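A quick note: this is a predicted structure, and the numbers were derived from the prediction, not measured. Position 1 is the first residue of the sequence, and the numbers go up from there.
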Amino acid sequence: MEREEQEETTDFKPKEEVLLPPEMEQSRTFSQVDQKNKKKRSAKGFASTLAAGVIGSVLTLAILPYTNYINDHFPKVENQEASSSQQGRQVTAVVAQPTAASSNSIADTVEKVSKAIVGIVNYQQQQNNFYGDPNSSQSVESGSGSGVIFQKNNGKAYIVTNNHVVEGATKLEVSLFDGEKATAEVVGTDALTDLAVLKIDAKYVTATADFGDSSTLRPGDQVYAIGNPLGLDLSRTVTQGIVSATNRSIAITTSAGNWDTNVIQTDAAINPGNSGGALINPQGQVIGINSLKISESGVEGLGFAIPSNDLIPIVNQLIKSGKIDRPYLGVGLSDLDQVPQMYWQNLPNNIKKGVLVMNIDPDSAAAKAGFQPKDVIVSLNGTDIANSSELRKYLYSKVKTGDEIKFEIYRDGKQMTLTAKIMNNSGA
């Protein structure tokens, strides 16, 4: 036990205190004091710096709102949020943009042209036998359409419209953009091209429309139709579309006979009442007069307008003379394929198309040339004629008053040639 205690006593070595020289001891004491002093000074310095920072921050916050520093160096909060959202989901925020006024606005153009668009009401006499008087009649509205004021001259304003809008009228009433109404007078009509010119007192008119060059139109060009669909309650309705095709040939039936009309095809909505209204380009020029549409079941967007370049000569002639002077043959015609074969059974087997003469004007070029009823016309000046529409087209586009035309005909199964000197429709 004593040995173990001794071994334990031997193993235990108390920490020895190292004695330093006096100068070293003094140095260590001074070092400790210096460290304490440094800690005190650091604390004081930190407190001073903190206080200065607080004061500076207060001054900065008080001054910065009156400078551009924040706007220049920091994005707005909403911009930061939008940027963050965009980075997270790749979605750009949608915002409303202010509508910029433009002198080229189509709304401005339409507003200007609409002042030259009128409504036209066709009144016709209707017999009224309610009181037993066969001579009594009253004027009733039979239809309506649209028109375009295109000229003011000598106290009169001139309106172009479709012939079928005014045909058969005993009275025509024009409704202007401001609600004023005026009675219109017919200047002239042309049933074949379905055009008519009216005139009213110029005191009612404040604006006119200009015609454009329809020959410059191409499929895909923007166009706008202005008119009064379904009557005056929807006056000056505007519809938008494009030119679907140019130089279309559409067969129409008029009171003057069948005719192949050259038209502009458009998908702008055209409805009953739009007839006679304007088809305009984005510059506000009238490049067509809306005339007809195909309204069969399952058909959409097939409207047609008479090109401005085709109607301008007609309009000028109607203003000048009140009618269109055309070559006049003086015969009543029927298409061969629409007549029972018993009337033309003597024709050679190879003749399947042509025009059958039904009647003859006694004082006409046809009468003087020796035409007879039941003659079958098959060609003019060597050009084959399949129907009455082709015959009219040839006469009105390639023949002038005074020209001599050679007609190849069949009479009682025999081929003959007749020569007619063409007059105009006034007999001259």
Side-chain angles (χ1 to χ4, degrees), residues 163-164 167-168 188-195 249-262 310 313-314 317-318 320-428:
N163 176 72
H164 73 261
E167 197 165 31
T189 63
D190 183 44
L192 207 60
T193 58
D194 196 23
L195 289 170
S249 183
I250 300 295
I252 61 173
T253 300
T254 72
S255 58
N258 297 329
W259 182 248
D260 289 339
T261 301
N262 179 49
D310 290 355
I314 302 295
Q317 194 169 347
L318 289 176
K320 180 180 178 180
S321 59
K323 61 181 181 179
I324 303 301
D325 289 327
R326 290 194 177 93
Y328 178 65
L329 181 60
V331 292
L333 303 173
S334 289
D335 295 346
L336 199 62
D337 57 6
Q338 296 179 356
V339 178
Q341 191 173 1
M342 60 179 292
Y343 291 101
W344 50 274
Q345 59 184 355
N346 292 328
L347 287 178
N349 293 332
N350 62 325
I351 303 299
K352 300 296 183 183
K353 294 182 179 181
V355 181
L356 184 68
V357 176
M358 303 297 293
N359 53 68
I360 303 169
D361 183 349
D363 297 323
S364 67
K368 294 177 181 180
F371 277 91
Q372 296 180 10
K374 298 185 181 180
D375 284 347
V376 177
I377 303 173
V378 294
S379 73
L380 278 72
N381 283 349
T383 300
D384 291 342
I385 299 298
N387 50 52
S388 58
S389 179
E390 289 186 3
L391 187 145
R392 290 189 184 93
K393 195 78 171 180
Y394 186 95
L395 284 178
Y396 298 158
S397 61
K398 297 183 179 182
V399 178
K400 298 179 181 179
T401 300
D403 288 351
E404 289 189 351
I405 305 299
K406 292 183 178 181
F407 293 83
E408 183 181 347
I409 69 166
Y410 282 88
R411 180 181 296 170
D412 296 329
K414 297 179 180 180
Q415 183 178 358
M416 300 177 60
T417 300
L418 299 178
T419 301
K421 185 177 181 179
I422 303 301
M423 301 183 294
N424 60 29
N425 51 9
S426 63

Between side-chain atoms of residues 348-361 and protein atoms elsewhere (two or more places apart, or another chain), which donor-acceptor pairs fall under 3.5 Å?
unit_1	atom_1	unit_2	atom_2	d
Asn359	OD1	Gly332	N	3.3
Asp361	OD1	Asp363	N	3.2
Asp361	OD2	Tyr328	OH	3.0

Would you give me the side-chain donor-acceptor pairs under 3.5 Å for residues 376-384, sequence neighbours excluded?
unit_1	atom_1	unit_2	atom_2	d
Ser379	OG	Glu408	OE1	3.1
Asn381	OD1	Lys406	N	3.0

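By the 30° and 60° cut-offs, the orientation of the rings of Phe371 relative to Phe407 is perpendicular.
With sequence neighbours excluded, the residues satisfying side chain to side chain contact (heavy atoms under 4.5 Å, CB included) with Glu390 are Ile385, Ala386, Asn387. Under the side chain to side chain contact (heavy atoms under 4.5 Å, CB included) criterion, Asp337 pairs with Asp335, sequence neighbours left out. The side chain to side chain contact (heavy atoms under 4.5 Å, CB included) check on Pro362 picks up nothing, with sequence neighbours excluded. Legend: residues meeting side-chain hydrogen bond (donor to acceptor under 3.5 Å, both in side chains) with Thr261, ordered by chain and number and at least two apart, are absent. Every residue two or more places apart in sequence or in another chain that forms a side-chain hydrogen bond (donor to acceptor under 3.5 Å, both in side chains) with Thr193 is listed here: Asp190. Legend: residues meeting side-chain hydrogen bond (donor to acceptor under 3.5 Å, both in side chains) with Thr253, ordered by chain and number and at least two apart, are Asn258. Among residues two or more places apart in sequence or in another chain, the side-chain hydrogen bond (donor to acceptor under 3.5 Å, both in side chains) test is passed with Ser255 by Glu167.
Side-chain contact between Thr189 and Leu318 is absent, with no heavy atoms from C-beta onward closer than 4.5 Å. When side chains are defined from C-beta on, Leu395 counts as touching Leu329, because their heavy atoms get closer than 4.5 Å.
Pairs of residues two or more places apart, or lying in two chains, that qualify as salt bridge (Lys or Arg N to Asp or Glu O under 4.0 Å) and include a residue from residues 410-420 are Asp375-Arg411.
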Stepwise, does the side-chain contact (heavy atoms from CB on, under 4.5 Å) test hold for Leu336 with Leu347?
-> CA-CA 11 Å; Leu336 199 62; Leu347 287 178; 3.8 Å; yes
Worked check of side chain to side chain donor-acceptor pair (under 3.5 Å) between Ser389 and Asp260 | CA-CA 7 Å; Ser389 179; Asp260 289 339; 3.3 Å; yes
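Summarising the geometry, atom CG belonging to Leu391 is positioned 8.5 Å from atom OH belonging to Tyr396; distances are rounded to the nearest 0.5 Å. With values rounded to the nearest 0.5 angstrom, Leu192 atom CG is found 8.5 Å from Lys393 atom NZ. Between atom CD1 of residue Ile324 and atom CD of residue Gln317 there is a gap of 4.0 Å, rounded to the nearest 0.5 Å. Atoms NZ and CE, from Lys421 and Met423 in turn, are 10.0 Å apart once rounded to the nearest 0.5 Å.
When every heavy atom of Ala369 is checked against every heavy atom of Ala420, the shortest pair comes out as CB-CB, 3.6 Å. Nearest heavy atom pair, residue Pro327 against residue Ile422, reads CB-CG2, 3.3 Å.
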